[in-house]
Amino acid sequence: MDEFDSDPPGLCDRCLKELIGGRGEFYEIDIQATVDSSPPILDSPGTLDPDEMDAEWGRVIKQLESTPQVDAENQVHCRRRILLCSPCFQVWIENPAGGE
């Protein structure tokens, strides 16, 4: 069973209209975002000697250690669920990124 299957309908996330299940009056939108999985582009891989490379990795590790786990996970993968009533869905689906 999906983690969202047990959630009861609630309010439209745009207009706050009460949503009632079983009437086909709203949409459940499941958004998954994953960071670019391409290998990193190194500007000058040959310019760092092994000690500099170790120091750079040490800085990265120290930064990750001080980042809360949920923040670090959200930088790699996050999932959101939104509920929209039918009128709000029709507006949203035409421009889901919200640009002009």
Side-chain angles (χ1 to χ4, degrees):
M1 176 180 274
D2 190 277
E3 67 182 90
F4 296 137
D5 288 342
S6 62
D7 291 343
L11 301 176
C12 173
D13 286 313
R14 281 184 64 125
C15 73
L16 301 178
K17 175 184 175 184
E18 183 178 9
L19 305 174
I20 299 170
R23 294 185 182 170
E25 298 176 347
F26 66 92
Y27 291 81
E28 296 179 58
I29 301 154
D30 186 17
I31 301 170
Q32 293 191 60
T34 306
V35 73
D36 174 12
S37 62
S38 304
I41 298 171
L42 301 175
D43 294 330
S44 303
T47 61
L48 295 178
D49 66 40
D51 290 336
E52 292 172 319
M53 187 68 79
D54 287 345
E56 187 63 30
W57 277 115
R59 283 190 285 277
V60 170
I61 291 168
K62 186 171 233 156
Q63 181 182 2
L64 282 173
E65 287 174 343
S66 66
T67 302
Q69 182 177 351
V70 70
D71 291 344
E73 289 172 357
N74 283 339
Q75 290 177 18
V76 176
H77 178 264
C78 64
R79 184 175 181 188
R80 300 289 182 266
R81 176 179 165 252
I82 60 175
L83 299 173
L84 296 178
C85 66
S86 292
C88 287
F89 176 79
Q90 296 308 317
V91 172
W92 175 81
I93 197 65
E94 292 297 320
N95 190 5
E100 292 187 38

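A distance of 10.0 Å separates SG in C85 from CG in D13, rounded to the nearest 0.5 Å. The structure places CH2 of W92 at 5.0 Å from CD1 of I82, a figure rounded to the nearest 0.5 Å. The distance from the CG atom of L11 to the NZ atom of K17 is 11.5 Å, given to the nearest 0.5 Å. Atom NE2 of H77 is separated from atom OG1 of T34 by 4.0 Å, given to the nearest 0.5 angstrom. Here the straight-line distance linking atom OH of Y27 with atom CG of L83 works out to 13.0 Å at 0.5 Å rounding.
The backbone N or O of G58 lies less than 3.5 Å from no partner atom in the side chain of D54, so there is not a single donor-acceptor pair.
Across D30 and R79, no two heavy atoms sit closer than the pair OD2-NH2, 2.8 Å. Taking every heavy atom of both residues into account, R14 and L84 meet most closely at CG-CD2, 3.5 Å. Looking at every heavy atom in both residues, S86 comes nearest to G24 through OG-O, 4.1 Å.
Using a cutoff of 4.0 Å between basic side-chain nitrogens and carboxylate oxygens, R59 and E56 are scored as salt-bridged.
Within 6.0 Å of CD on Q90 lie more than 12 heavy atoms contributed by other residues, nucleotides or ligands.
A continuous path of ILVMFWY side-chain contacts below 4.5 Å connects F89 to I31, so both sit in one hydrophobic cluster.
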